[in-house]
**Student:** 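Just passing along the structure, written as structure tokens.
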2 protein chains.
Amino acid sequence: MKNRELKKVGLKTTQPRARILQLLESNTDRHFSAEDVYRCLLENEEDVGLATVYRVLTQFEAAGLVTRHHFEGGKLAVFELDQGVHHDHLMCLNCGKIFEFSDELIEERQKIIAEQLGFDITDHALYLYGKCRKENCEHLK
Amino acid sequence: MKNRELKKVGLKTTQPRARILQLLESNTDRHFSAEDVYRCLLENEEDVGLATVYRVLTQFEAAGLVTRHHFEGGKLAVFELDQGVHHDHLMCLNCGKIFEFSDELIEERQKIIAEQLGFDITDHALYLYGKCRKENCEHLK
DNA sequence: ATCAATGCAAAAACTTTGCACTGAT
DNA sequence: ATCAGTGCAAAGTTTTTGCATTGAT
């Protein structure tokens, strides 16, 4: 079923790859570590080796299917499906929740800055860290 | 000599801490991994344990003396001295060089976005990745 | 049938921790 | 003299790799 997407980026359709892509596609709001993916698949009785999860996520990244992040504080890398539209991240340091946003002005400004410095931008990432003022913000232990 | 700065942030002045601070202060343009710091000190005949380097850098970070970064691609954390003025980073994916910049408009915009989303920002980081068009850009092997 | 992809276990890479000793006040 | 800080070695985490086996075309 994930046949098309995988072929498109030049990856042979295998069970692990299809399952991981499926998982990411049905949780576009989440940011998965390799462990997360591994455990989610296990829970679904879809056994995949952890090494394979790492390999597949790295391949997906190289293929432009996913983006890898290193959030402040976290030691693991986390991945999310790339859905065509770039977005940035805002993370609550209390509850760990991640919010996504995008801003045309900032994007424009980045291009101008890169141009001035003589750079061809291939990639960029903006992370805001703070505390959400929501009453439902559960503090991390 | 690094007495004052360390005391100010509530850290007892010890040889390892003074040496590491000294190293960072005389290389404000560099981004050091713990290993980098360790090796630089060894080369200067200033023996310090690697574990201590990690501990001190973490303390410096907590004290607001340094900032920790996880650049794209790199697996190690790197540190740089915090010099009061916030700045962002632009990294060349060819030669690895890091350029610093800061932009008032982007800063403003971030505040507005955070406000709209009901966040109190404590921290932020913007990374641009690309290729510098300089003729002296040495490609990574 | 072929060759890439997988799973496992082992290794590597990076960072943290325990503990006895050293050093700053 | 005291107690925080250090160094070393050991352990922890996260990620990668080697190799025999499995699976997709």
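In this text, all values refer to a predicted model and were calculated from it rather than measured experimentally.
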**Student:** For the residue pair B:His69 and A:Glu72, confirm or rule out a side-chain donor-acceptor distance under 3.5 Å.
**Tutor:** no
**Student:** Verify the contact: side-chain N or O of B:Thr52 to OP1 or OP2 of D:dG7, cut-off strictly under 4.0 Å; return yes or no.
**Tutor:** yes
**Student:** With ring centroids as reference points, do B:His89 and B:Phe101 lie under 6.0 angstrom apart?
**Tutor:** no
**Student:** Just compare C:dT15, D:dT6, C:dG7 and give me whichever is closest to any side-chain atom of B:Leu50.
**Tutor:** C:dT15
**Student:** Please determine whether a side-chain nitrogen or oxygen atom of A:Tyr54 lies at a distance below 4.0 Å from atom OP1 or OP2 of D:dT16.
**Tutor:** no
**Student:** Quickly work out the B:Arg39 CZ to C:dC14 P distance and round it to whole Å.
**Tutor:** 10 Å
**Student:** Could you tell me how far apart A:Gln59 (CD) and D:dT17 (P) are, to the nearest whole angstrom?
**Tutor:** 12 Å
**Student:** Would you say the side chains of A:Asp29 and A:His31 form a donor-acceptor pair under 3.5 Å?
**Tutor:** no
**Student:** Base, sugar-phosphate, or nothing for A:Ala77, non-hydrogen atoms under 4.0 angstrom?
**Tutor:** sugar-phosphate
**Student:** Nearest to the side chain of A:Leu76, which nucleotide is it out of C:dA9, C:dT16, D:dT14?
**Tutor:** D:dT14
**Student:** With sugar-phosphate meaning primed atoms plus P, OP1 and OP2, does B:Arg17 contact a base, only sugar-phosphate, or nothing at under 4.0 Å between heavy atoms?
**Tutor:** sugar-phosphate
**Student:** Does B:Arg19 make a side-chain donor-acceptor contact with the base of D:dG5, cut-off 3.5 Å?
**Tutor:** no
**Student:** Between C1' on D:dT16 and CG on A:Leu57, what's the gap in Å once rounded to a whole number?
**Tutor:** 14 Å
**Student:** Find the distance B:Asp47:CG to C:dC21:P and express it as a whole number of Å.
**Tutor:** 20 Å
**Student:** Are B:Phe119 and A:Phe99 close enough that their ring centers fall under 6.0 Å?
**Tutor:** yes
**Student:** Can you check whether B:Lys75 has a side-chain N or O nearer than 4.0 Å to OP1 or OP2 of D:dT16?
**Tutor:** yes
**Student:** Does the side chain of B:Ser33 get closer than 4.0 angstrom to OP1 or OP2 of C:dC14 through an N or O atom?
**Tutor:** no
**Student:** Which sits closer to the 5' end of DNA chain D, A:Arg55 or A:Lys12, going by the nucleotide each is nearest to?
**Tutor:** A:Arg55
